[in-house]
Participant: 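To start, I am sharing the structure in question, which I have written as structure tokens.
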There are 2 protein chains.
Amino acid sequence: MGIVRKTQSVQIVLDEFRKNSTAISAVHLVTQLSTKLNKSTIYRILDKLEDDGVLHSFMGKDGVKRYAKCQNCNKTTHTDNHPHFQCTICGKINCLQVNVSLPDIPDYSVTSYQVFIQGKCKECL
Amino acid sequence: MGIVRKTQSVQIVLDEFRKNSTAISAVHLVTQLSTKLNKSTIYRILDKLEDDGVLHSFMGKDGVKRYAKCQNCNKTTHTDNHPHFQCTICGKINCLQVNVSLPDIPDYSVTSYQVFIQGKCKECL
DNA sequence: TCTATATTTGCAACTTAGTTGCATTAACAA
DNA sequence: TTGTTAATGCAACTAAGTTGCAAATATAGA
């Protein structure tokens with residue numbers, strides 16, 4: 001359904017993404033905000049913010065869902081063909097501002113794709 | 001530690017991958033083989049087969065771990081820069097025999113990456 | 001500003017994927 | 001054939017995420 005009311009809870013969640021440019025896991029937010037917000041509330045807000053195109057989500061190799069701010073997305077158009085990069089040293093996940101293009105794939109019609117990269121980030125190199 | 005004994009249980013699990021060329025989720029195997037094998041056994045065998053390079057694993061958008069046969073992998077070298085394709089109609093996930101290459105990424109050193117594609121497969125088009 | 005209404009929140013209980021410790025069973029080398 | 005060691009089953013557990021419902025709160029309209 002998306003966000004319909006600008007509640008305090010929504011502001012608190014959004015503040016975390018303003019502070020932090022890296023992707024944040026749902027679990028991390030739940031523990032981080034445990035004194036301010038309830039678990040269910042956080043999951044529900046994240047869902048709605050994703051609906052609205054404010055955030056986008058992806059699964060980590062660990063099976064934990066992560067969210068990051070969308071750059072140029074809204075409710076109808078979501079451009080998420082940018083890769084996510086996880087540093088194997090510090091663990092941080094960032095959205096990369098590069099476009100990965102796929103080769104031609106016979107017998108399949110592609111509608112969307114995600115790229116997940118592992119390696120070392122500038123700080124850890 | 002990898003597989004050290006060719007037990008019946010290992011054969012039963014491998015048979016499922018012989019029957020099926022698509023990726024299989026851990027949960028699916030657990031229910032499929034519930035009369036023959038215990039849940040823990042299946043998870044442990046999958047882990048070991050992945051260790052040995054017989055299978056490779058990846059996370060679905062649903063947070064469920066899936067496994068597929070490796071083509072040219074062994075314990076030491078694992079080449080998994082082939083994409084996984086999930087059909088949005090039939091839900092099946094296949095390994096594509098195409099190589100996706102990444103553009104040059106400044107400030108990062110890449111060690112591995114995964115590509116996950118959604119769309120329609122030949123059968124469902 | 002006040003009020004009615006519909007959305008949002010907190011809570012507790014639940015679901016589901018995956019893990020662990022331990023006693024028993026089964027491979028397999030000698 | 002047997003002793004050793006890995007593999008298995010079981011039951012209990014963990015951790016991420018979901019759900020139903022009653023109470024709280026944002027907001028449109030009076």
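So that the names make sense, note that chain A is the first sequence line, chain B the second, and so on, each numbered from 1. Please read all numbers here as calculations on a predicted model, not as lab measurements.
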Participant: Between B:Met59 and B:Gln8, just flag the one whose closest nucleotide in DNA chain C comes earlier from the 5' side.
Facilitator: B:Met59
Participant: Could you grab the distance from atom SG of A:Cys95 to atom CZ of A:Phe58, nearest 0.5 Å is fine?
Facilitator: 6.0 Å
Participant: Using a cut-off of 6.0 Å, state whether more than 12 heavy atoms not belonging to A:Lys92 lie near its atom NZ.
Facilitator: no
Participant: Indicate the atoms forming the closest heavy-atom contact of B:His82 with B:Leu96, along with that distance.
Facilitator: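 Closest approach of B:His82 to B:Leu96, heavy atoms only: CB-O, 3.3 Å.
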Participant: First and last nucleotide of DNA chain C touching chain A, 5' to 3', heavy-atom cut-off 4.0 Å?
Facilitator: C:dA6 to C:dA12
Participant: Under the 3.5 Å rule, do the base of D:dA6 and the side chain of B:Arg5 count as making a donor-acceptor pair?
Facilitator: yes
Participant: So how far is it from A:His28 NE2 to A:Glu16 CD, rounded to the nearest 0.5 Å?
Facilitator: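 Here the interatomic distance stands at 8.0 Å.
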Participant: Nearest 0.5 angstrom please: A:Phe85 CZ to B:Asp107 CG, how far?
Facilitator: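 Output value for this atom pair is 10.0 Å.
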Participant: Do the rings of A:Phe116 and A:His84 sit parallel, tilted or perpendicular, given the 30° and 60° boundaries?
Facilitator: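 Correct class here is tilted.
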Participant: Per the end-axis method with five pairs at each terminus, what is the bend angle of the helix from C:dT1-D:dA30 to C:dA30-D:dT1, to 10°?
Facilitator: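 End-to-end axis angle: 40°.
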Participant: Can you check the A:His28 NE2 to D:dA16 P distance for me, whole Å?
Facilitator: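 Checked: the NE2 to P distance equals 12 Å.
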Participant: Can you list, by residue number, the residues of residues 31-46 of chain A that have a non-hydrogen atom closer than 4.0 angstrom to DNA chain D?
Facilitator: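 Those residues are A:Lys39, A:Ser40, A:Tyr43, A:Arg44.
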Participant: Can a salt bridge be assigned to the pair A:Arg44 and A:Asp47 using a cut-off of 4.0 Å between side-chain N and carboxylate O?
Facilitator: no
Participant: Taking all heavy atoms of A:Asp51 and all of A:Gly2, pick out the closest pair and write down the distance.
Facilitator: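 Distance-wise, the nearest heavy atoms are OD2-N, 3.6 Å.
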Participant: With rounding to the nearest 0.5 angstrom, report the CG to CG distance, B:Leu49 to B:Leu14.
Facilitator: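 Output value for this atom pair is 5.0 Å.
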Participant: Could you state the interatomic distance from OG (B:Ser9) to CD1 (B:Ile3), rounded to the nearest 0.5 Å?
Facilitator: 9.5 Å
Participant: Rounded to the nearest Å, what distance is computed from the CD atom of residue A:Gln11 to the C1' atom of nucleotide D:dT25?
Facilitator: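 Distance check: A:Gln11 CD to D:dT25 C1' gives 15 Å.
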Participant: Report the distance from atom CZ of B:Arg66 to atom CD1 of B:Ile24, rounding to the nearest 0.5 Å.
Facilitator: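 It comes to 11.0 Å.
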Participant: When you check the phosphate oxygens OP1 and OP2 of D:dT8, does a side-chain N or O of B:Thr7 lie under 4.0 Å from one of them?
Facilitator: yes
